[in-house]
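Throughout, a chain's letter reflects where its sequence line sits, starting with A, and its residues are numbered from 1. Note that the coordinates shown come from a computational prediction; the quantities given were computed from them, not determined experimentally.
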There are 2 protein chains.
Amino acid sequence: MTEIERKLDSNGIRPTAMRILIYKYMAEKNNALALTDVEQAFQKAERTTLYRTIKTFEEKGIVHQIDDGTGVLKYALCEPGCNCEIDRDLHLHFHCNSCDKTICLTQHKIPHINLPEGFMAEDANLVVKGICDSCSAY
Amino acid sequence: MTEIERKLDSNGIRPTAMRILIYKYMAEKNNALALTDVEQAFQKAERTTLYRTIKTFEEKGIVHQIDDGTGVLKYALCEPGCNCEIDRDLHLHFHCNSCDKTICLTQHKIPHINLPEGFMAEDANLVVKGICDSCSAY
DNA sequence: TATTAATTGCACTTCTGTTGCATTGCTTAT
DNA sequence: ATAAGCAATGCAACAGAAGTGCAATTAATA
């Protein structure tokens, strides 16, 4: 039983060949992926399978969904410190306007926001757009 | 020449009957609207017309687009202090999980975010989700 | 091994955003 | 005042992503 199989298994996900491959692929990338990205990488597999696999990952809490404002949903593996389900202390995401990649800044938490009377925060989503470190290096 | 006509005219938008109606409708609402919302309100008009009208408003800087994470784009009139085009000091938006409305918190600016080395911010989008003042009153 | 449940593949549907083109309506110069 | 020209609108259709129903296959378990 490999590392990944154990990971899936311990989260109540049956470690099928497909799922292991998809998990491995997502783990290799350091940026959030759209369904189409995964589709490109696994052209032999059905879109629906990939879709449902990622949704399963999400339900089981090992992947979180990101809306980076591009109109396409992105997904990224939850890393240590991600805490996307446990508390409201959510990390922020960065979208590069140059290379179009979206990355999780797991260490960077969303600062506390003061809301007007009567408003109660349950969740927050902060996407900063600009130029990422790779692109600014040139 | 009415208030609205002057507003449109001074922003380089020809004040047609349709546009005046749409502007008036958006001004009445205190929350951001999706295209379908406007569509519901003007069932006699074409979707395309509404779409292009709002896009025109956006281009001319009297409306700003909001991605509240629901997957549907919302639009809201720019109010004094909105500054959506001028500087990067953007205000935040609140999405109510109960009534599903999205509102601009024009007075509440996005706090400064420290980014890792090499990252440069150009823009930011912060959506706080929770219960709005109307819904929490019950 | 037989039974049962979960996973995958295929075909569609829906929804939103968007564009091309013909037509209508408004502006302006003659 | 009228014709020419441009902007606005209506109609039709397309594109892309998200999501669903169902049959077929695969894996787990008794």
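Taken to the nearest 0.5 Å, the NZ atom of A/K129 stands 14.5 Å off from the OG atom of A/S98.
Rounded to whole Å, the distance from CG on A/L8 to P on D/dA27 is 15 Å. The interatomic distance linking A/D67 (CG) with C/dT16 (C1') rounds to 14 Å, in whole Å. The CD-P distance, from A/E46 to D/dA18, rounds to 16 Å in whole Å. Rounded to a whole Å, the CD atom of B/E39 is 11 Å from the P atom of C/dC15. Atoms CZ (B/F42) and C1' (D/dT9) sit 15 Å apart, rounded to a whole Å. The NZ atom of B/K44 sits 16 Å away from the P atom of D/dT9 (whole-angstrom rounding). Nucleotide D/dA28 holds its P atom 15 Å from the CD1 atom of A/I13, rounded to whole Å. Note: CG (A/L50) to C1' (D/dA18) measures 14 Å, nearest angstrom.
Take A/N97 and apply the side chain to side chain donor-acceptor pair (under 3.5 Å) test, not counting sequence neighbours, and it matches B/E122. A/K55 pairs by the salt bridge (Lys or Arg N to Asp or Glu O under 4.0 Å) definition with A/E58, not counting sequence neighbours. A/K24 meets the salt bridge (Lys or Arg N to Asp or Glu O under 4.0 Å) test with no other residue; sequence neighbours excluded.
Within the structure, every pair that satisfies the salt bridge (Lys or Arg N to Asp or Glu O under 4.0 Å) test and touches residues 63-79 of chain A, not counting sequence neighbours, is listed here: A/D68-A/K74. Residue pairs meeting the ring pair (Phe, Tyr, Trp, His ring centres under 6.0 Å) criterion with at least one member in residues 11-60 of chain B, sequence neighbours excluded: B/Y25-B/F42.
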Each nucleotide in nucleotides 17-29 of chain C should get exactly one letter: B, S or -. Can you fill that in based on protein heavy atoms under 4.0 Å?
BBBBB--------
